[in-house]
Trainee: 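Below is the structure I would like to discuss, written out as structure tokens.
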Amino acid sequence: MRQIYNTDVLVVGGGPAGIGAAIGASMQGAKTLLVEYHSFLGGIASFCVGMPINQVRPSGQPRSKVHELLIQKLLNYGKVAVHIGEHQLSCNVEYLKVAIIDALDEVGCKYLLHTPAVDAVVENNRVAGIIISTKQGLAEIHAKVVIDCTGDADIAFFAGAETMKEEDALSPMTLCFNVTNVDMKKAKEFIRSGGMKGVVEKGKEKYPLLPNGWGLADFPSSNSFYINHSGTKTMGILDASDPEQLTKAETLSRRQVIQIVSAMREFGGEALKDIEIIATGPQIGVRETRRIKGEYVLTEEDAKTGSKFHDVIAWRSGFLDIGFVRFEKMKIHDVPYRAILPEKVDGLLTAGRCISATHVAASAGKSMGNCIATGHAAGIAGAMSVVKKCMPRELSIKELQDGLTKDGVDLTRGGIDQEIKS
């Protein structure tokens with residue numbers, strides 16, 4: 001007989017969106033459980049071993065109580081843990097993983113790690129929970145509201161909700177990594193002089209998996225640097241929701257990292273001749289797979305014109321950024337409540353990169369600070385639905401907006417032009 005867990009609000013996926021949802025629901029007093037299949041929380045913020053957590057404080061201003069709680073937990077560990085930039089956090093991910101736990105513990109949120117969700121429990125067209133895989137076998141978690149923060153819309157897909165995926169245009173994936181044993185002053189001069197282009201040109205024949213370019217980014221450590229790059233862009237379209245294609249992306253990307261560093265050692269001159277790998281992400285970074293079909297589908301036009309909606313529950317700032325494919329300015333634009341609700345299935349909310357959006361619009365909102373924001377909104381909506389004993393789609397938008405305002409969210413930002421650095 002399967003073990004049964006019970007909770008009011010169940011958040012599936014412990015990345016930025018899931019953290020926002022779990023903290024948001026818990027701060028409302030809801031009995032909340034967060035499940036994550038990795039051994040740690042943070043999602044892409046932790047996977048990418050130094051990628052800046054963008055749009056957490058746009059224009060240097062606090063964005064919400066949820067964002068600020070996470071920042072404060074990081075600041076408690078000092079400068080070795082985090083550097084706050086114009087809008088982003090640069091974190092040592094080992095401190096980040098603990099700071100997230102600190103934040104969840106403070107608000108009383110329960111969590112389970114090493115807990116993959118393998119199916120949805122659906123009753124009368126309502127998502128009533130999930131099935132998880134554990135070392136003790138399959139188990140069930142029953143909940144009054146489920147929030148899908150898996151990034152890949154896994155729970156929505158398992159539940160039979162309609163999803164969208166442009167299979168011929170999926171954004172590339174990237175395995176990020178850290179390097180050391182490099183004189184950064186010499187390296188910056190080398191990069192400024194176009195030296196990295198020479199590394200690629202000279203190295204392509206011997207190292208065919210080389211991307212078309214990359215740089216060395218400062219990391220909150222005195223002796224190591226972080227590298228993001230175009231990853232699988234030249235390997236063809238690969239779908240991370242397909243196990244065979246995801247395996248191919250992972251294995252090719254691990255070879256790719258070796259080749260990148262080998263090419264730098266061989267063709268990078270005095271600046272890079274002794275460079276060494278010290279860490280890669282625990283898994284490849286995925287930018288795009290499935291997204292739900294919601295009551296409203298966000299579009300490229302929404303991002304470019306700064307659309308505003310009567311049912312706004314969050315906003316997205318930053319750039320329209322289809323990873324290493326297209327990079328353009330956009331306006332701050334609203335996320336309507338309808339975009340985090342599946343069109344037909346009840347009992348389910350979504351947050352993060354799997355909300356209802358087109359391929360291009362999805363790329364306009366994937367900065368982690370934006371994912372925390374949609375998670376925050378979904379968490380409050382889930383908690384309020386439990387108190388009101390209603391389905392999330394029946395919730396009063398005004399009451400939800402009032403709850404977000406009390407948590408420090410300014411819902412009037414849509415339509416604003418941004419002057420920010422990339």
Trainee: Can you check whether N370's main-chain N or O pairs, donor with acceptor, with W315's side chain at less than 3.5 Å?
Mentor: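 Pair absent, no side-chain N/O of W315 close to backbone of N370.
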Trainee: Would Y226 and F177 count as a close aromatic pair, with their ring centres under 6.0 Å?
Mentor: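 That pair fails the under 6.0 Å test.
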Trainee: Less than 4.0 Å between a side-chain N and a carboxylate O, is that true for E250 and K248?
Mentor: no
Trainee: Taking C-beta and beyond as the side chain, do V179 and I278 meet within less than 4.5 Å on heavy atoms?
Mentor: no
Trainee: So does K406 pair up with D402, basic N to acidic O under 4.0 Å?
Mentor: no
Trainee: Is there a donor in the side chain of S385 and an acceptor in the side chain of K144, or the other way round, less than 3.5 Å apart?
Mentor: no
Trainee: Decide, yes or no, whether a salt bridge links E162 with R290 under the criterion of side-chain N to carboxylate O below 4.0 Å.
Mentor: no
Trainee: Taking all non-hydrogen atoms of both residues into account, name the closest pair between T289 and G151 and its distance.
Mentor: OG1-O, 3.9 Å
Trainee: Okay, side chain of D334, backbone of F309: is any donor-acceptor separation there less than 3.5 Å?
Mentor: yes
Trainee: Does the distance from a Lys or Arg side-chain N to an Asp or Glu carboxylate O, for E266 and K206, drop under 4.0 Å?
Mentor: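 Yes, charged N to carboxylate O under 4.0 Å.
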Trainee: Can you name the nearest heavy-atom pair linking A362 to R291, along with the distance?
Mentor: CB-CD, 3.5 Å
Trainee: Charged N to carboxylate O below 4.0 Å: is that the case for D321 and K366?
Mentor: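 Result for this pair is yes, salt bridge flagged.
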Trainee: Quick one: does Q401's side chain have a donor or acceptor within less than 3.5 Å of a partner on V312's backbone?
Mentor: yes
Trainee: Whether the side chain of S64 engages the backbone of H67 through a donor-acceptor N/O pair (distance < 3.5 Å, no angle test) should be reported.
Mentor: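 It does hold such a pair.
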Trainee: Verify, without hydrogens or angle tests, whether R393 (side chain) and V345 (backbone) share a donor-acceptor contact under 3.5 angstrom.
Mentor: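 Looks like yes, one N/O pair under 3.5 Å.
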Trainee: Begin with the C-alpha distance, continue with both residues' side-chain angles, and end with the deciding distance and a verdict on ring pair (Phe, Tyr, Trp, His ring centres under 6.0 Å) for F324 and H229.
Mentor: CA-CA 8 Å; F324 294 91; H229 54 95; 7.5 Å; no
Trainee: Please determine whether the number of non-hydrogen atoms from other residues, nucleotides or ligands lying under 6.0 Å from atom CD of Q72 exceeds 12.
Mentor: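 Check passes, neighbour count above 12.
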Trainee: Please report the closest heavy-atom contact between S356 and G294, naming both atoms and the distance.
Mentor: OG-N, 2.9 Å
Trainee: Does G369 offer a backbone N or O that forms a donor-acceptor pair with the side chain of Q55 under 3.5 Å?
Mentor: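 No: the side chain of Q55 does not pair with the backbone of G369.
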Trainee: Say whether, by atom type as modelled, one donor and one acceptor occur between the side chain of E140 and the main chain of I132 under 3.5 angstrom.
Mentor: no
Trainee: How about D105 and Y111: does a side-chain donor come under 3.5 Å of a side-chain acceptor?
Mentor: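 Checked: D105/Y111 side chains pair up, N/O donor to acceptor below 3.5 Å.
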Trainee: So which atom in I372 and which in P16 form the shortest heavy-atom distance, rounded to 0.1 Å?
Mentor: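 For I372 versus P16, the nearest heavy atoms are CG1-O, 3.4 Å.
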Trainee: Could you check whether K202 makes a cation-pi contact with F267, meaning its NZ or CZ is under 6.0 Å from the centre of the six-membered ring and within 45° of the ring axis?
Mentor: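 Not flagged: K202 not positioned over aromatic ring of F267.
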Trainee: With distance as the sole criterion, is a donor-acceptor pair present between the side chains of Y207 and Q256 under 3.5 Å?
Mentor: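 On atom types as modelled, these side chains do not qualify, holding no pair under 3.5 Å.
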Trainee: Over all heavy atoms of both residues, which pair between C91 and L96 is shortest? Give the atoms and the distance, please.
Mentor: CB-CB, 4.3 Å
